[in-house]
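Throughout, protein chains are lettered first and strands after them, A, B, ... in sequence-line order, and every chain is numbered starting at 1.
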Amino acid sequence: MLDIRFIRENPELVQENAKNKGYDVSIAQLLEIDDKKKSLQQQADELREKRNTISSQLKGGKPSDELIREAKILKDELSTVEPKLKELEDQYGGLMAQIPNMMQSDVPLGGEEDSVEIKKWGEQNNGAIDHLDFAIARDWADFERGAKVASSKFYFLKGDLALLENAITQFALDFVIKKGFTYMTLPHMVSSRIAQGAGFSPRSDIESNEYFIDGEDLALIGTAEAPLTGYHADEILDEEQLPLLYAGYSPSYRKEAGTYGKFNRGLFRVHQFNKLEMYIFSLPEQSIEMHEKILAIEEEIWQAIGIPYHVINIAAGDLGAPASKKYDIEYWSPVDSKYRELTSTSNCTDFQSRNLNIRVRRSSGAIEPVHTLNGTAVSLARSLVAVIEHYQNSDGTLRVPEVLKQYLGGRDTL
RNA sequence: GGAGAGAUGGCCGAGUGGUUGAAGGCGCACGCUUGGAAAGCGUGUAUGCGGGCAACUGUAUCGCAGGUUCGAAUCCUGUUCUCUCCGCCA
C-alpha cells in the first residue's frame with residue numbers, strides 16, 4: 001500500500017497514476033473516508049482521555065460513586081463510537097489495498113503494445129521447428145500423460161530434456177551465487193496475508209491466477225517472489241545488512257485460465273514450472289540501481305546461453321499494482337518470428353514492504369520501509385522453449401549451448 | 001492427530017486488576033574518563049495514528065480477535081503460532 005500522508009498531499013497524482021495503470025479507484029472517496037475516520041478517531045481519543053483521567057483519580061483514592069457514574073457514561077458513549085470507527089477503518093483498509101504503487105517517471109503510458117524496447121541483443125533469425133513437435137519427436141515431453149495424471153497444461157519432461165532443465169538451473173544458480181545472491185529453498189505455499197501483501201489477488205477474486213488450498217488459509221505460490229517477500233515480514237533490518245540478495249528456487253503454480261491457442265502451446269504457458277528467482281531487499285535510495293543490476297544479470301545469463309533477445313520497459317497498463325517499473329526480457333522466436341517473454345524484473349519500491357511491515361533502522365535512528373525487487377534468473381519451461389528453438393539441428397538433435405556443457409557431462413549434442 | 005507449557009520493547013527477560021509504555025540486562029547513541037582504545041561511569045534509546053513551526057502533547061499497541069471491569073500485559077472465551085511429550089510418517 002501507499003503512505004496515506006503521501007496520498008493526502010498528492011491526491012491528483014495518485015489518482016492519475018492509478019488511472020494510467022488501469023485501476024478503477026476513487027482517491028476522493030478514500031480521502032473522504034479518511035477524513036471521517038480521523039474525526040471519529042479524535043472523538044474516541046477524547047472520550048478515552050476523559051476515561052483515563054477519571055480512572056487515574058479512582059486508582060489511589062476511595063471509590064467514588066460520582067466518578068464511577070461519569071465513567072460509565074463515557075463507557076457508553078465509547079461503545080457507540082468504537083464500532084463506527086471500526087467500520088470506517090475496514091472501509092479505509094479496503095480502499096487503501098486497491099490503490100496501486102506509484103510508477104517511476106520513465107514508465108511509458110498505455111497498454112501492452114506501448115511498452116518500449118530499450119535494448120536489443122543478437123540476431124533475428126527465422127525458421128525453426130516448433131519446440132513441442134521437436135520435443136515429442138524425441139520423446140522428451142509428454143503432455144498427454146500430464147493431462148491424464150493431473151489436467152491439461154501439466155506435463156512430464158523425460159530424458160535429455162529433463163537433464164537440460166537441470167543444467168540450465170544449475171548454470172543460472174552458479175551464476176547468481178557468484179553475483180552475491182544467497183540460494184534458498186522455500187515454502188511452496190503461502191498464507192493469504194503474505195500472498196496479498198506481496199500483491200497477489202485474494203481467494204475472493206475469481207480472476208485470480210492462484211491455486212488455493214481448500215479448507216486452509218494457503219495458496220500455492222505462483223512465484224518464489226511471494227514467500228521471499230514474506231521472509232522478512234514484521235522485521236526491522238539493520239542498515240548495514242542491506243542490500244540483501246536472495247535467490248529462491250521453486251515450482252510456480254498458475255491457473256492461466258483461458259490461455260490456449262498457438263502462442264501458448266507446449267511449454268510456453270503451463271500450470272507448473274520451475275523457476276530460479278532473484279529477490280532483493282534494499283535501501284530506498286539503492287533500489288533503482290538494484291533494478292538495473294538484476295536486469296544486467298538476466299542479460300548476462302541469456303547472452304551466455306546465446307539466445308537473442310530485447311529488453312522492454314513495460315508500459316503502465318501492464319505493470320500490475322506493486323511494481324513502480326518493470327523490465328521484461330523477451331527472446332527472439334525463430335518459430336513465431338517475434339519476441340516472446342522470457343524473464344521479468346520489477347522494482348516494487350516500498351509497496352510490498354508497507355503491506356508486510358518490512359523496515360530498516362537507519363544509522364540516524366529513523367525507521368522506514370525497505371524497497372523490494374524481484375527478477376527472474378531463469379524460468380525453466382520457457383527457457384527450454386528458447387533453447388530448443390535456437391539450438392535444434394535438422395536431424396532432430398539438439399546442440400548444447402557452450403556454457404551448459406559442463407552441466408551435461410561434457411556432451412555437446414543431445 | 002492427542003496431552004501439556006508458552007507468546008511482553010532491536011534482543012534477552014521481570015511483571016497476575018490501577019502513574020506499567022512497561023523493572024533489570026544486552027545492544028545502540030551521545031558524553032565523561034584515556035596518549036589512544038577497552039573497561040568503568042553518566043545520560044538517552046519502541047512503533048502507529050492525530051494535534052503543534054517546535055519543545056511537546058492526546059491516543060492506541062504486551063501473538064491475534066472478542067468479553068468482564070470505572071480501569072486489563074495481568075481475569076474469562078475463542079483463535080494462531082512456538083516448544084516438550086505421545087501417536088503417525090518421507
Separation of atom [atom1] in [X] from atom [atom2] in [N], rounded to whole Å:
X	N	atom1	atom2	result
A/D35	B/rG50	CG	C1'	12 Å
A/Q241	B/rC11	CD	P	12 Å
A/R5	B/rU47	CZ	C1'	12 Å
A/I4	B/rU47	CD1	P	21 Å
A/R361	B/rA29	CZ	P	12 Å

Within a strict 4.5 Å, meaning less than it, do heavy atoms of the A/K148 and A/E144 side chains meet? no

By a strict heavy-atom criterion of less than 4.0 Å, which residues belonging to residues 40-54 of chain A are in contact with RNA chain B? A/Q42, A/D45, A/R48, A/E49, A/R51, A/N52

Neighbour count >12 (heavy atoms, 6.0 Å) for atom CZ, A/R145: no

Taking atom CD of A/Q241 as the centre, report whether more than 12 heavy atoms of other residues, nucleotides or ligands fall under 6.0 Å from it. yes

Ion pair present between [X] and [Y], side-chain N to carboxylate O less than 4.0 angstrom?
X	Y	value
A/E77	A/R51	no
A/R362	A/E285	yes
A/K158	A/D139	yes

Atom P, compared across B/rA39 and B/rA54: separation rounded to whole Å: 38 Å

B/rA37 to B/rC32 separation - P atoms, rounded to the nearest Å: 11 Å

Paired and unpaired positions of RNA chain B as dot-bracket, Watson-Crick or G-U wobble under 3.5 Å, | denoting a partner strand: ((((((((.[[[..)..(.....]]]((((((.......))))))((((((....)))))).[[[[[..)....]]]]])))))))....

Using a heavy-atom cut-off of 4.0 Å across all strands, would you classify A/R69 as base, sugar-phosphate, or nothing? nothing

Check every strand shown and say whether A/K72 touches a base, only sugar-phosphate, or nothing at a heavy-atom separation below 4.0 Å. sugar-phosphate

For the ring pair A/H131 and A/F268, is the centre-to-centre distance below 6.0 Å? no

Kindly say whether the aromatic ring centers of A/F143 and A/Y155 come within a distance under 6.0 Å. yes

Are a donor atom and an acceptor atom from the side chains of A/Y327 and A/H291 found within less than 3.5 Å of each other? no

Of the listed B/rC49, B/rG10, B/rG71, the closest approach to the A/I236 side chain comes from B/rG10

